[in-house]
Amino acid sequence: MPVRHDPASRGPTPMIRSRLSALLSDGLSAAQAAGAVAATPPVTFTLERRDDDLAHYSSSEALRLARIVGAPPRAIAESIVAHLPPSPAVSRVETAGPGFINFWIDDAWVLQQLSAITAAGTSFGGSSAGGGSRVQVEYVSANPTGPLTAGAGRGGVVGDALARLLDACGYEVSREYYVNDAGHQVEILGQSVYHYYAATLGAGSSFPADGYRGDYVAEWAEQIVRDDGSRWLGTGGPSDARGFEARAVEIGLAAIRRDLDDLGIEFDEWFSEQAMRDRGDVDEVIHVLDEQGFVAQRDGAVWFIGGAGEDDRENVLVRSRGDPTYFAVDIAYHRDKFAKRGFERVIDVWGADHHGHVARMHAAMQALDESADAARLEILVTQMVGIRTDGALGRQGKRSGKFVTLREVLDEVGPAATRYFFLSKAIDSQMEFDLELAKREDAENPVYYIQMAHARCAGIQRTAETARTAAGAATLTPDDVALARRLLAFPEVVVDACHNREPHRVTHYLLDLARVFHSYYNKHRVVTDDADRTARRLELVRAVQQVLANGLGLLGIAAPERM
RNA sequence: GCCCCCGUAGCUCAGUGGACCAGAGCGACGGCCUUCUAAGCCGUGGGUCGCAGGUUCGAAUCCUGCCGGGGGUGCCA
């Protein structure tokens, strides 16, 4: 499923990689037509961006071709190179080592591309790779039974960045939050809050066995007392609590929205579980499954029995007491996404604690046949976020009330650093968030380093507005070209990050670009009395600023003009 | 027991089949402000890529086993 190379992408400035890949294909065809290389099935040449002493771009395809063709890789590489059509972008091609084909990008060509970057503006880096295909990204979807945890923040930031990436790559993206405003947990929340509500008003009620114990429960109760007075008294019984539950959920959801707003995370759709249940979708999907023979009755409960070959075991759909499980509801929900709303692809971003749910959801989707192509439902599992406070790793658990909230993290380190931190690691690696360290190192945080690079670009242009220059004819240095060449790699990074579902690639690219730029800044002066060189370097700086801004935009991090 | 993720520099993490791919940030140490923001730059030190096999022309990267850490494993969500 991961796509490492995207020959089809088109943008204002075609990716260098795509150009070279096409060039190599032509070279191979020509070599084969000339009889220099044996016939092969169509070959897609992948290219690695190295940008080091060995090459700017390199392909090792000849090494793999050697097996198919039955010739020495070095000879194949040389034949391809000998038949390569000329390209203005390429200054030099050579074979090296066991059979690598190495490309050097032409300096003048690179500098010419700068105007295309600034002309493309905010769209530079984007592409039409997605072809407008409809993708839904569902993330956060935390129960409104308490404040968002730091872990939920990770999922939120990752889902949001993924949505931004997909959008930039030409997909039609819908961002969704699935609101679990029904079911057992909501009942318990209602009872928990009611306990404090009644107590505040001098009435008594028992605290539920598995009740929520966080401080916020009493706070929510107080808010309801303030807003609604005693009108809910006497309704808190388990069978008559719908309205009260809904009030509690409302308060929980409002708090969640505030956190997400502050993090810059938005949704197109807040999908209500309760509304879906009210439409009868859960009964409907169980009926559909039953018709296809995936349902069995046992021990008074209704079970889903996965198809042969599924390694997932059997799971309950309807409890013996008559209410549907989360599993059943989630199947109905996903059926809604595919069959009713017609998304071509759905990406769910889940927390690590849901990983056990992945296999059975795929099994259920398989059974429903709504996504016979298993790739239509992608489930990304973000790993745990350990919060380190005072050197100790705290245990997380919403019901116990012992967890670090996203709000606490936001208040400590701010939205930019929070987003940066979550987006600097691969999602499948567990990470440690040391609050003390994040606080203490505030000024050292890499996110400010990147933002500083952007602010510097802006500052240089402010200086240039009032600068006096005379005519000159200075040429640019290899450092100018190297910086420009790095900018041209941005679209490649974006499409890779998108297709591999790895937003952290953008983060690392930006850090690298900022490093190169800061170094350049210290070494070379942009605004001088040499009018020609100043103009050319200003164009470079504008392009750097554009790429930094676009990259930060993909991460949802502000790009300040001044710091 | 079974399932998932991880094990790379003192710390937090990139790199997941290619040849200078052994890296970054932070921390440590030493330099650099009369010039576009020193929230910066330059330099030094630091790792048998958990261990053992295997596949391959080539493995930090793929496979197997083991060891270690975290999480999941409910008619909770």
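Throughout, a chain's letter reflects where its sequence line sits, starting with A, and its residues are numbered from 1.
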Chemist: Can you identify which nucleotide, out of B:A14, B:A24, B:C36, has its nearest atom closest to the A:His508 side chain?
Modeler: B:A14
Chemist: Under 4.0 Å, heavy atoms only, any strand: does A:Ser60 hit a base, just the sugar-phosphate, or nothing?
Modeler: base
Chemist: Counting C-beta onward and ignoring hydrogens, is there a side-chain heavy-atom pair between A:Asp51 and A:Arg485 closer than 4.5 Å?
Modeler: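 Result yes, sub-4.5 Å side-chain heavy-atom pair found.
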Chemist: Side chains of A:Glu492 and A:Tyr57: do they bring a donor and an acceptor to under 3.5 Å?
Modeler: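 Note: A:Glu492 and A:Tyr57 side chains meet the donor-acceptor criterion.
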Chemist: Can you give me the closest heavy-atom contact between A:Gln545 and A:Cys457, atom names plus distance?
Modeler: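 Closest approach of A:Gln545 to A:Cys457: CB-CB, 3.5 Å.
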Chemist: Would a distance-only check, ignoring hydrogens and angles, find a side-chain to backbone donor-acceptor pair under 3.5 Å from A:Asp52 to A:Ala55?
Modeler: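 The answer is yes, because a donor-acceptor pair under 3.5 Å joins these two groups.
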Chemist: In this structure, how many angstroms lie between the C1' atom of B:U73 and the NE2 atom of A:His355, rounded?
Modeler: 8 Å
Chemist: Taking atom P of B:A38 as reference, at what distance in whole Å does atom CZ of A:Phe517 sit?
Modeler: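 Distance check: A:Phe517 CZ to B:A38 P gives 11 Å.
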Chemist: Categorize A:Thr528 for me: base, sugar-phosphate, or nothing, with a 4.0 angstrom heavy-atom threshold over every strand shown.
Modeler: nothing
Chemist: Spell out, as yes or no, whether a donor-acceptor pair under 3.5 Å connects the side chain of A:Ser59 to the backbone of A:Thr46.
Modeler: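 Yes.
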Chemist: Given the structure, check if the side chain of A:Ser58 and the base of B:A19 hold any donor-acceptor pair shorter than 3.5 Å.
Modeler: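 Yes, the side chain and the base share a sub-3.5 Å donor-acceptor pair.
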Chemist: How are the rings of A:Tyr178 and A:Phe271 set to each other: parallel, tilted or perpendicular (split at 30° and 60°)?
Modeler: tilted
Chemist: Among B:C13, B:C75, B:A24, which nucleotide has an atom closest to any side-chain atom of A:Leu511?
Modeler: B:A24
Chemist: Suppose you measure atom P in B:G53 against the same atom in B:C49; what distance do you get, rounded to whole Å?
Modeler: 13 Å
Chemist: Would you measure the distance from the C1' atom in B:G46 across to the matching atom in B:C11 and give it in whole Å?
Modeler: 13 Å
Chemist: Could you tell me whether A:Leu63 contacts a base, only the sugar-phosphate backbone, or nothing, with contacts defined as non-hydrogen atoms closer than 4.0 Å?
Modeler: base
Chemist: Taking atom P in both B:A52 and B:U61, compute the distance separating them and give it to the nearest angstrom.
Modeler: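 Per the computed distance, 12 Å lies between those P atoms.
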Chemist: With no hydrogens and no angle check, is any side-chain donor or acceptor of A:Thr95 less than 3.5 Å from a backbone partner on A:Glu78?
Modeler: no
Chemist: Starting from C1' on B:U73, measure out to CD on A:Glu314 and report it in whole angstrom.
Modeler: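 Value for this atom pair: 16 Å.
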Chemist: Ignoring hydrogens and geometry beyond distance, is a side-chain donor-acceptor pair present between A:His334 and A:Asp348 at under 3.5 Å?
Modeler: yes
Chemist: Determine if A:Phe100 stacks with B:A19; use a centre-to-centre distance below 5.5 Å and an interplanar angle below 30° as the criteria.
Modeler: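 A:Phe100 vs B:A19: stacking yes.
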Chemist: Using a heavy-atom cut-off of 4.0 Å across all strands, would you classify A:Glu61 as base, sugar-phosphate, or nothing?
Modeler: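 Contact class for A:Glu61: none.
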Chemist: Looking only at non-hydrogen atoms, find the nearest pair between A:Pro324 and A:Val282 and report the distance.
Modeler: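 The pair with the smallest heavy-atom distance is CB-CG1, 3.8 Å.
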Chemist: For nucleotides B:C62 and B:G7, find the distance between their P atoms and express it as a whole number of Å.
Modeler: 10 Å
Chemist: Write down the protein N/O and nucleotide N/O pairs, taken from nucleotides 42-47 of chain B, whose separation is under 3.5 Å; answer none if there are no such pairs.
Modeler:
unit_1, atom_1, unit_2, atom_2, d
B:C42, OP1, A:Ser519, OG, 2.9

Chemist: As a test of reading the structure: which of B:C5, B:C36, B:G40 is closest to the side chain of A:His518, going by heavy atoms?
Modeler: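 Nearest nucleotide to the side chain: B:G40.
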Chemist: Please report, rounded to the nearest Å, how far the P atom of B:A22 is from the CG atom of A:Leu54.
Modeler: 11 Å
Chemist: In whole angstrom, give me the gap between the C1' atoms of B:A38 and B:U34.
Modeler: 15 Å
Chemist: What is the distance, rounded to the nearest whole Å, between atom CG of A:Asp51 and atom P of B:G15?
Modeler: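 Going from CG in A:Asp51 over to P in B:G15 covers 19 Å.
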Chemist: By the 4.0 Å heavy-atom rule, please label A:Arg67 as base, sugar-phosphate, or nothing.
Modeler: base
Chemist: If I pick the P atom on B:C13 and the same atom on B:G50, what distance separates them, to the nearest angstrom?
Modeler: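 So the two P atoms sit 15 Å from each other.
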Chemist: Do A:His357 and A:Arg360 have side-chain N/O donor and acceptor atoms under 3.5 Å apart?
Modeler: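 The criterion, which ignores hydrogens and geometry beyond distance, is satisfied for A:Arg360 and A:His357.
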Chemist: When you measure from every atom of RNA chain B, which of residues 295-303 of chain A have a heavy atom less than 4.0 Å away?
Modeler: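 Residues of residues 295-303 of chain A that come under 4.0 Å of RNA chain B are, in numerical order, A:Asp299, A:Ala301.
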Chemist: Is A:Glu48 touching bases, backbone alone, or none of the nucleic acid, heavy atoms closer than 4.0 Å?
Modeler: base
Chemist: Describe the nucleic acid contact of A:Asp428 in one word from base, sugar-phosphate, nothing, applying a heavy-atom distance below 4.0 Å.
Modeler: sugar-phosphate
Chemist: Does the side chain of A:Tyr139 come within less than 4.5 Å of A:Val158's, by heavy atoms?
Modeler: no
Chemist: What does A:Ala453 touch in the nucleic acid at a heavy-atom separation under 4.0 angstrom: a base, only the sugar-phosphate, or nothing?
Modeler: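 Since no nucleic acid heavy atom lies under 4.0 Å of A:Ala453, the category is nothing.
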Chemist: What pattern of brackets, bars and dots sums up RNA chain B from 5' to 3', given Watson-Crick or G-U wobble pairs under 3.5 Å, [ ] for crossing pairs and | for another strand?
Modeler: ((((((((.[[[[.)..(....]]]].(((((.......))))).....[[[[[..)....]]]]])))))))....
Chemist: Using the C1' atom on both, measure B:U48 against B:G43 and round to a whole Å.
Modeler: 27 Å
Chemist: Under 30°, 30 to 60°, or over 60°: which ring-plane class applies to A:Tyr216 and A:Trp220, parallel, tilted or perpendicular?
Modeler: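 Taking A:Trp220 first and then A:Tyr216, their aromatic rings sit tilted (interplane angle of 30° to 60°).
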Chemist: Does a side-chain N or O of A:Ser429 approach OP1 or OP2 of B:A14 to a distance below 4.0 Å, or not?
Modeler: yes
Chemist: Write down the distance separating the C1' atoms in B:C75 and B:C26, rounded off to the nearest Å.
Modeler: 49 Å
Chemist: Report the C-alpha separation of A:Asp479 and A:His524 in whole Å, then their side-chain angles, then the decisive distance to 0.1 Å, and conclude whether the side-chain hydrogen bond (donor to acceptor under 3.5 Å, both in side chains) test is met.
Modeler: CA-CA 9 Å; A:Asp479 290 336; A:His524 302 285; 2.6 Å; yes
Chemist: Check if the side chain of A:Ser320 and the base of B:C75 share a donor-acceptor pair of N or O atoms closer than 3.5 Å.
Modeler: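 Per atom types, the contact qualifies.
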Chemist: Parallel, tilted or perpendicular: which one describes the rings of A:Phe267 and A:Tyr177, with boundaries at 30° and 60°?
Modeler: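 Perpendicular: the ring planes of A:Phe267 and A:Tyr177 meet at over 60°.
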Chemist: Name the residue closer to the 5' end of RNA chain B, choosing between A:Tyr326 and A:Met431 according to the nucleotide with the nearest heavy atom.
Modeler: A:Met431
Chemist: Assign A:Asp529 to base, sugar-phosphate, or nothing according to its heavy-atom contacts below 4.0 angstrom with the strands shown.
Modeler: nothing
Chemist: Taking 4.0 Å as the cut-off, does a side-chain nitrogen or oxygen of A:Tyr509 come that near to OP1 or OP2 on B:G15?
Modeler: no
Chemist: Touch check for A:His454, heavy atoms < 4.0 angstrom, all strands: base, sugar-phosphate only, or nothing?
Modeler: nothing
Chemist: When the nearest nucleotide of RNA chain B is assigned to A:Arg319 and to A:His504 on a heavy-atom basis, which residue is associated with the more 5' position?
Modeler: A:His504
Chemist: Go through B:C5, B:C75, B:C20 for me and flag the one nearest to the A:Arg50 side chain.
Modeler: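 Nearest to the side-chain atoms of A:Arg50, counting from C-beta on, is B:C20.
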Chemist: Indicate, with a heavy-atom threshold strictly under 4.0 Å, whether A:Gly459 touches base, sugar-phosphate, or nothing.
Modeler: sugar-phosphate
Chemist: With hydrogens left out and only the distance checked, is there a donor-acceptor pair under 3.5 Å joining A:Asp210's side chain and the base of B:A77?
Modeler: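 Donor-acceptor pair under 3.5 Å: no.
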Chemist: Separation of A:Tyr448 atom OH from B:A38 atom C1', in whole Å?
Modeler: 18 Å
Chemist: Is the shortest side-chain heavy-atom distance between A:Gln383 and A:Arg154 below 4.5 Å?
Modeler: yes
